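This report concerns only the one structure given below.
Chain letters run A, B, ... following the sequence lines, proteins first and then strands; every chain starts at 1. Because only heavy atoms are used, hydrogens play no part in the values below, and waters and symmetry mates are left out as well, while side chains stay in. In this text, all values refer to a predicted model and were calculated from it rather than measured experimentally.
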Amino acid sequence: MPELPEVETVRQGLRALILNKTIANIDILWPKIIVNDQLFFKQTLTGQTFEEIDRRGKYLLFRLSNQLTLVSHLRMEGKYRMVPQEQPLTKHTHVIFNFTDGTALRYLDVRKFGRMQLIPTGAENTVSGLKQLGPEPTAADFKVAAFAAALQRHRKAIKPVLLEQHVVAGLGNIYVDEVLWQSQIHPLQPANQLTDTQIKALHQAIIAEMKRAIAAKGTTIRSYTDAYGASGGFQLALAVYGREGEPCQRCGTTILKTKVGQRGTHFCPHCQLLTTKGVAK
DNA sequence: CACACCGCCTGACTGC
DNA sequence: TGCAGTCAGGCGGTGT
């Protein structure tokens with residue numbers, strides 16, 4: 001499941017592969033992937049050139065000529081592949097950008113959850129999802145005071161709050177479990193009941209974890225690969241995700257897997273206690 | 001606005 | 001071995 005570090009790795013790979021390529025035509029094999037009208041999407045993009053690729057949270061922003069931006073979200077299992085146009089289609093290929101040089105960019109997605117939307121560049125804040133996105137989880141954009149204030153507005157558990165993307169952008173199920181373990185916070189801890197110490201630890205862990213995971217080119221758990229089909233390396237660095245039944249690396253207690261807000265959740269029941277004003281219940 | 005819940009999808013896995 | 005049932009989960013939409 002691509003989260004911010006995986007999407008960033010895809011961005012970097014795709015930049016090297018498609019910048020300055022011009023679209024000759026587009027095939028849409030699964031129309032629901034495209035938010036816009038299909039015909040509009042094809043006609044508007046034909047003849048345009050990829051000029052840059054930006055990223056916001058888990059969204060890829062393909063900047064094209066003529067002030068156009070293609071917003072792309074990979075959701076669970078979306079992938080891009082560069083191939084020669086004559087290469088036989090594989091299963092789960094849903095959108096194909098054929099370039100004028102004989103190559104093609106193909107979008108593959110087993111679950112078909114991914115979405116693409118063509119908008120005028122600058123209209124990003126009109127796209128649902130993008131417009132409510134919290135700050136990037138970097139030291140430059142993500143400030144602890146604003147983070148603390150945002151957490152105060154939520155009474156529900158910290159885990160679903162972090163998954164919402166509104167308080168901070170880019171974390172998914174894997175990295176949320178990881179940063180909560182690192183900062184020793186129970187996933188069910190109400191967001192507005194974190195202590196200042198916990199907020200600072202969580203804030204720091206989020207920034208550091210995203211940086212480390214990007215450096216490792218992301219985490220490959222189920223099916224994620226980058227634009228070249230390569231796996232990430234960060235799964236080896238995960239402390240709790242997918243490690244239920246294994247000893248906690250900090251205290252040796254067996255890591256548990258439960259459900260929080262319908263999502264598989266991994267944590268250490270000894271290191272991550274539910275607290276009231278920082279005191280264990 | 002905050003929050004809970006459902007639908008979207010298909011492949012892998014589980015139990016009989 | 002075959003097959004029905006369950007699970008995985010990011011996010012938009014809906015309802016309270």
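Here K257(A) lies in heavy-atom contact (under 4.0 Å) with sugar-phosphate atoms only. Nucleic acid contact for R155(A): sugar-phosphate only, since backbone atoms but no base atoms lie under 4.0 Å from a heavy atom of the residue. Across all strands, G264(A) comes closer than 4.0 Å only to sugar-phosphate atoms, never to a base (heavy-atom distances).
A residue-by-residue look at L130(A) and K259(A) shows that K259(A) has its nearest nucleotide of DNA chain C further toward the 5' end. Heavy-atom nearest nucleotides on DNA chain B were determined for V110(A) and for E164(A), and the one closer to the 5' end corresponds to E164(A).
Rounded to whole Å, atom P of dG10(C) lies 12 Å from atom OH of Y59(A). If you measure from atom NZ of K156(A) to atom C1' of dT16(C), you get 14 Å, rounded to the nearest angstrom. Following rounding to the nearest Å, E77(A) (CD) and dT10(B) (P) show an atom-to-atom distance of 12 Å. Distance NE2 (H154(A)) to C1' (dA4(B)): 15 Å, rounded to an integer number of Å. Note: CD (Q132(A)) to P (dA2(B)) measures 12 Å, nearest angstrom. Residue L163(A) contributes atom CG, which lies 15 Å from atom C1' of dA4(B) at whole-angstrom precision. Atom CG of L60(A) and atom C1' of dC11(C) are 16 Å apart (whole Å). If you take NE2 of H92(A) and P of dC8(B), they are 19 Å apart, rounded to a whole angstrom.
The listed nucleotides are dG11(B), dG13(C), dC3(B); the one nearest the side chain of S128(A) is dG13(C). Nearest nucleotide to the side chain of W30(A), out of dC9(B), dG12(C), dA2(B): dC9(B).
Ion pairing between a basic and an acidic side chain is recognised when a charged N comes within 4.0 Å of a carboxylate O; E8(A) and K211(A) show no such pairing. In this structure, E6(A) does not pair ionically with K217(A), as no charged nitrogen and carboxylate oxygen lie closer than 4.0 Å. E51(A) has no carboxylate O lying under 4.0 Å from a charged side-chain N of R63(A), or vice versa, which leaves the two without a salt bridge.
Taking only side-chain nitrogens and oxygens, K112(A) comes nearer than 4.0 Å to OP1 or OP2 of dT10(B). For the pair Y175(A) and dG10(C), the criterion of a side-chain N or O lying under 4.0 Å from OP1 or OP2 is not met. Of the side-chain N and O atoms in Q262(A), none sit less than 4.0 angstrom from OP1 or OP2 of dG9(C).
Judged by distance alone with a 3.5 Å cut-off, a donor-acceptor contact links the side chain of R111(A) to the base of dA8(C).
F62(A) pairs with exactly one of Y80(A), F97(A), Y107(A) by the ring-ring contact (aromatic ring centres under 6.0 Å, His included) rule, that one being Y80(A).
In this structure, F113(A) packs face-to-face on the six-membered ring of dC8(B), meeting both the 5.5 Å centre cutoff and the 30° plane limit.
Looking at R11(A), its side chain does come within 3.5 Å of a backbone N or O of I53(A) through a donor-acceptor pair.
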